[in-house]
Amino acid sequence: MAKKRIYEVAKEVGVDNKVVVQKAKDLGFDVKNHMSSIDDSQVTKLKSSFQNSAPAKKNSKIKISVSSIRKNEKKQEDNAAPKKARKRNNKRRNDRNREKKNERNHKNNSGKPKAAALLQQFKQKQRAEEGQLNREAQKAKKEYHEQLKHPKQEQAVKNKKKPTKESTKKKSEPVEKKVIGPKILKPSPARLKKSQPSANERVAAKVTIPEAPKDEKRGNGRGRNMGKPGRKGKNQFFNGHNEHSDRSERKRRKNKKRQQEQKPKKQPTKRKERPLPDVLVYEEGMNAQDLGKLLHREPAEIVKKLFMLGVMTNQNQSLDKDTIELLAAEYNIDAKQKVHEDISDIDTLYNKRMEASKKSKNQVKRPPVVTIMGHVDHGKTTLLDRLRHTHVSAHEAGGITQKIGAYQVRLDNRLITFLDTPGHAAFSNMRARGAEITDIVVLVVAADDGVMPQTVEAIDHAKSAKVPIIVAINKIDKPGANPQHVTEELMKYNLIPEDYGGDTIYVNISAKTGQNVDDLLQMILLQADVMELKANPTEMAIGTVIEARLSRGRGPVADVLIQQGTLNIGDPIVVGDTFGRVRTMTNDRGRQVKKATPSEPVEITGLNDVPESADKLVEFKDEKTARSVGEARAQQALQKSRENVQHVTLDNLFDTMKKENMKEVDIVLKADVQGSVEALQQSLEKIEVEGVRVNIIHSGVGAINESDVTLAGASNAFIIGFNVRPTATAKSQAETEGVDIRLYSIIYKAIDDVTAAMKGMLEPTYEEKVIGNLTVRETWKVSKVGTIAGSFVDKGVVKNDSKIRVIRDGIVKYDGEIASLKRFKDDVKEVKQGNDCGLTIKDYNDIKVGDEFEVYEMQQVEPK
């Protein structure tokens with residue numbers, strides 16, 4: 001069964017949807033809104049209920065007409081007096097409520113005959129009043145036309161009525177000309193009641209517009225009846241914008257602006273007089289503005305004071321120290337120059353923290369730092385092997401220590417830190433650094449060898465560092481050992497044994513068998529107790545670099561010994577001219593640690609560059625400060641290296657000339673650690689060979705890379721690698737470019753090879769060798785190129801880098817170099833006998849047909 005929606009039924013019947021919905025609900029249908037569906041029987045029943053109420057359609061039209069009439073009437077009544085407007089508004093509100101009530105009743109009873117009777121009655125009433133409205137309209141139109149024809153008469157009448165308000169009427173003249181036109185809209189019959197004003201009053205109200213109050217503002221100045229004539233919804237005879245109103249508006253704005261200008265300006269708030277400071281803390285170079293801020297005075301007052309004192313200056317001119325102190329005396333206050341603390345001077349900061357930690361109350365006992373010193377092969381590393389139960393010397397090249405090692409040994413639940421310094425003469429500088437950071441020096445002397453030069457040097461280092469010396473006479477188990485003879489030799493250097501009334505501890509040991517090694521450790525702890533070694537672990541860390549190197553996987557690596565405070569992972573530090581944040585810390589056993597306490601050696605990573613040995617380590621509060629200090633120190637070091645140029649004077653003129661005439665052996669030096677680089681560099685530069693000297697053009701830490709090979713190739717140098725190897729790319733590049741790479745693992749072998757090479761250097765001799773002859777067959781002159789000689793190679797070969805002579809009639813006209821060599825259109829390196837070629841000669845163009853060219857080279861003659 002087909003169904004229809006309510007709005008479809010309403011469309012067919014011609015009734016509003018709401019009326020149909022209400023009617024369906026009255027009939028008992030289950031509907032909710034106009035989208036509800038009903039079946040055919042219900043549709044028929046619903047339509048039949050609207051047959052008797054057909055006039056409802058006309059009634060709806062009358063309702064719409066009444067509302068539109070009401071709207072138009074409302075537009076006309078907008079210009080009425082405010083009081084009348086309020087009455088009409090109240091009346092309209094009551095009428096509207098009454099109409100809504102009637103409308104609701106009409107909807108509920110739309111099907112009854114009562115609605116048709118009321119509608120008929122309403123129409124009759126409307127027709128009765130229509131004639132009256134037409135008469136009123138005709139009368140209003142007539143008055144309007146009379147007003148247009150005689151405006152001056154009307155004005156005169158009004159002037160007589162109100163002679164005291166001439167200025168007001170002048171302003172309202174253009175407004176009085178604007179009247180409502182003859183178009184009168186028919187009001188609703190509901191408006192025509194006894195409470196309304198009479199027809200004459202209404203017409204008068206419509207014809208004449210009352211004067212608007214001056215202070216009244218209507219939004220943006222455009223009312224309902226303002227606009228261009230003829231526009232829909234606007235009054236066709238009202239124009240609220242003319243020349244007079246514009247002039248008055250401009251005048252009003254001008255008066256308002258003048259009133260604002262005449263208002264008294266706010267006086268600036270006077271600055272409160274602040275007292276002078278007790279002491280003027282100044283910096284040299286301050287100006288009057290800076291001093292005014294410190295003295296709480298205006299800069300002009302400062303300048304005036306200086307003028308009175310005879311100093312001619314301005315606010316921005318820098319003042320010297322004496323002028324500032326003179327100004328302070330004028331104000332009867334003391335002057336004190338501000339002292340700037342250079343935070344980049346970490347050596348001073350290191351010393352300050354060291355002194356502060358010694359005076360601190362938070363000091364605790366720390367392990368002693370012991371340095372093992374002695375001559376080569378006297379058993380220093382073997383002794384440490386016995387102490388650490390390791391075999392470090394088995395990994396050392398040639399059985400000697402090439403770098404500083406730091407180890408910790410535990411005895412009776414107490415720690416002892418040992419520094420193993422190399423014993424070779426090349427490492428004197430490293431031993432000096434070891435002596436500076438140590439508490440006790442253990443001098444190892446072999447019982448079968450006695451006192452050697454490096455032994456004496458170690459004694460001197462220890463004495464200069466003012467640290468106590470414990471003598472360990474080693475190798476007493478060897479045949480021919482004579483400890484007593486060694487003791488007598490050492491007594492010559494003021495190392496008097498305790499048995500002889502001195503203060504030097506002597507212990508006879510055997511590092512190989514372990515004999516008396518524990519006694520040596522006990523003596524070390526006893527000496528440490530006497531010295532009362534203490535440190536403050538609660539402050540920021542300071543320390544010293546023992547060794548540094550460049551690791552391929554981890555970057556710059558530094559072995560440091562913490563001397564005061566505690567170093568944690570993540571702490572910002574400055575080490576020498578480098579800076580960074582501690583990334584990892586490894587102890588001497590190879591284990592990762594999170595913190596390092598005083599006298600503990602650790603290996604740290606995280607620096608931006610490789611530091612130097614013996615550089616100071618200082619911890620800072622934040623990374624920003626550490627970075628600024630590190631960058632400032634690096635800049636200072638660079639500036640210092642640039643300034644470190646030896647100038648020629650009368651005193652060193654002869655030596656300088658001698659060096660200029662000397663031959664140089666250029667070397668690129670690479671080693672595994674920084675200490676080895678320095679030791680090698682010093683040793684090589686000390687080699688004395690007459691007429692030859694070593695020139696280290698570059699030294700660094702890490703593997704030999706491509707840049708080293710490129711530098712050596714460009715400088716005609718060779719590379720020395722100590723405990724390092726070249727990378728694969730660098731090795732192939734060196735083979736291609738013919739760069740010599742020498743690799744060593746023992747330092748004295750490198751020194752011996754370089755010495756032999758320097759002694760074997762002889763003055764090379766060169767001789768001329770003719771390699772080809774040519775004949776000129778044709779010449780061409782080309783701009784920007786010169787003269788091109790088309791030649792035939794009679795004999796030998798012509799190379800593009802050879803030297804050439806121009807021979808004409810058996811006389812040499814020019815001796816120079818070949819600028820370019822071509823075969824047909826292509827540049828070639830050489831042209832052999834029996835071929836044609838074209839060539840140009842550098843800086844020479846006077847070539848003629850028939851000239852002969854002699855091509856030659858300068859070849860080195862091997863010494864016989």
Side-chain angles (χ1 to χ4, degrees), residues 257-362 536 538-540 542 565 571-574 579 616 618-637 639-640:
K257 188 176 180 181
R258 191 180 294 125
Q259 289 174 4
Q260 290 177 355
E261 289 175 354
Q262 289 175 358
K263 284 182 181 178
K265 290 184 179 180
K266 259 190 175 181
Q267 294 294 333
T269 55
K270 287 188 177 181
R271 189 174 175 181
K272 290 184 179 179
E273 196 72 23
R274 295 175 64 184
L276 290 167
D278 297 332
V279 180
L280 174 62
V281 182
Y282 68 92
E283 297 178 20
E284 192 168 359
M286 279 185 164
N287 54 26
Q289 288 187 355
D290 302 330
L291 293 172
K293 291 176 183 177
L294 296 176
L295 296 170
H296 313 304
R297 296 291 183 271
E298 292 294 330
E301 182 182 337
I302 304 294
V303 173
K304 184 179 178 181
K305 285 275 187 186
L306 292 172
F307 273 22
M308 299 297 291
L309 294 171
V311 180
M312 301 301 171
T313 184
N314 55 28
Q315 293 186 6
N316 301 317
Q317 188 172 343
S318 298
L319 304 175
D320 57 4
K321 179 181 176 183
D322 297 334
T323 305
I324 297 173
E325 290 181 351
L326 188 66
L327 181 68
E330 182 68 17
Y331 280 106
N332 295 322
I333 58 175
D334 296 329
K336 183 179 180 183
Q337 188 171 2
K338 188 175 182 180
V339 180
H340 285 282
E341 185 179 356
D342 187 10
I343 60 171
S344 63
D345 188 7
I346 62 172
D347 294 331
T348 305
L349 185 61
Y350 172 90
N351 295 331
K352 282 185 178 179
R353 290 191 184 178
M354 185 66 76
E355 294 297 327
S357 63
K358 289 178 181 179
K359 297 177 183 178
S360 174
K361 297 179 181 179
N362 299 325
N536 182 10
T538 59
E539 64 180 11
M540 289 190 291
I542 58 173
D571 287 344
I573 57 174
V574 173
F579 64 91
K616 303 300 182 185
V618 178
E619 179 189 348
F620 285 86
K621 291 182 179 180
D622 54 272
E623 189 175 6
K624 184 178 179 181
T625 307
R627 177 183 290 274
S628 61
V629 171
E631 289 176 349
R633 287 184 61 82
Q635 190 67 26
Q636 290 172 5
Q639 189 69 23
K640 190 176 180 181

Between side-chain atoms of residues 326-334 and protein atoms elsewhere (two or more places apart, or another chain), which donor-acceptor pairs fall under 3.5 Å?
residue	atom	partner	partner atom	Å
Tyr331	OH	Glu301	OE2	3.2

Rounded at 0.5 Å granularity, tell me how far [atom1] in [X] sits from [atom2] in [Y].
X: Leu309; Y: Lys304; atom1: CG; atom2: NZ; value: 12.5 Å
X: Asn362; Y: Thr538; atom1: CG; atom2: OG1; value: 4.5 Å
X: Tyr350; Y: Glu355; atom1: OH; atom2: CD; value: 10.5 Å

Name all residues meeting the side-chain contact (heavy atoms from CB on, under 4.5 Å) criterion together with [X]; count only those two or more places apart in sequence or in a different chain, and write none if there are none.
X: Asn351; result: none
X: Ala632; result: Ser344
X: Met540; result: Arg353, Glu619, Lys621
X: Ser318; result: none

Mind checking whether [X] and [Y] have side chains closer than 4.5 Å, heavy atoms only?
X: Arg297; Y: Leu276; result: yes
X: Lys338; Y: Tyr282; result: no
X: Leu280; Y: Leu295; result: yes
X: Phe307; Y: Ile302; result: no
X: Phe579; Y: Arg633; result: no

Test side-chain contact (heavy atoms from CB on, under 4.5 Å) on Gln289 and Asn316 and set out the steps. CA-CA 7 Å; Gln289 288 187 355; Asn316 301 317; 3.6 Å; yes
Which atoms form the tightest heavy-atom contact between [X] and [Y], and what is the distance?
X: Gln317; Y: Asn314; value: N-OD1, 2.8 Å
X: Gln315; Y: Ala300; value: NE2-N, 4.1 Å
X: Val303; Y: Ala288; value: CG2-CB, 3.9 Å

Glu284: which residues meet the side chain to side chain donor-acceptor pair (under 3.5 Å) condition with it, sequence neighbours left out? none
Verify the neighbour count for atom CG of Asp278: are there more than 12 heavy atoms of other residues, nucleotides or ligands below 6.0 Å? no
If you count every heavy atom of other residues, nucleotides or ligands that lies below 6.0 Å from Met308 atom CE, does the total exceed 12?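 No, CE of Met308 has 12 or fewer neighbouring heavy atoms, counting only those of other groups under 6.0 Å.
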Trace of the side-chain contact (heavy atoms from CB on, under 4.5 Å) decision for Leu319 with Met286: CA-CA 6 Å; Leu319 304 175; Met286 279 185 164; 5.9 Å; no
Run Leu291 and Ile324 through side-chain contact (heavy atoms from CB on, under 4.5 Å) and show every step you take. CA-CA 8 Å; Leu291 293 172; Ile324 297 173; 4.0 Å; yes
Do Ser357 and Asn536 pair up side chain to side chain, a donor and an acceptor below 3.5 Å, judged on atom types alone?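 Judged by distance alone, the side chains do not pair up.
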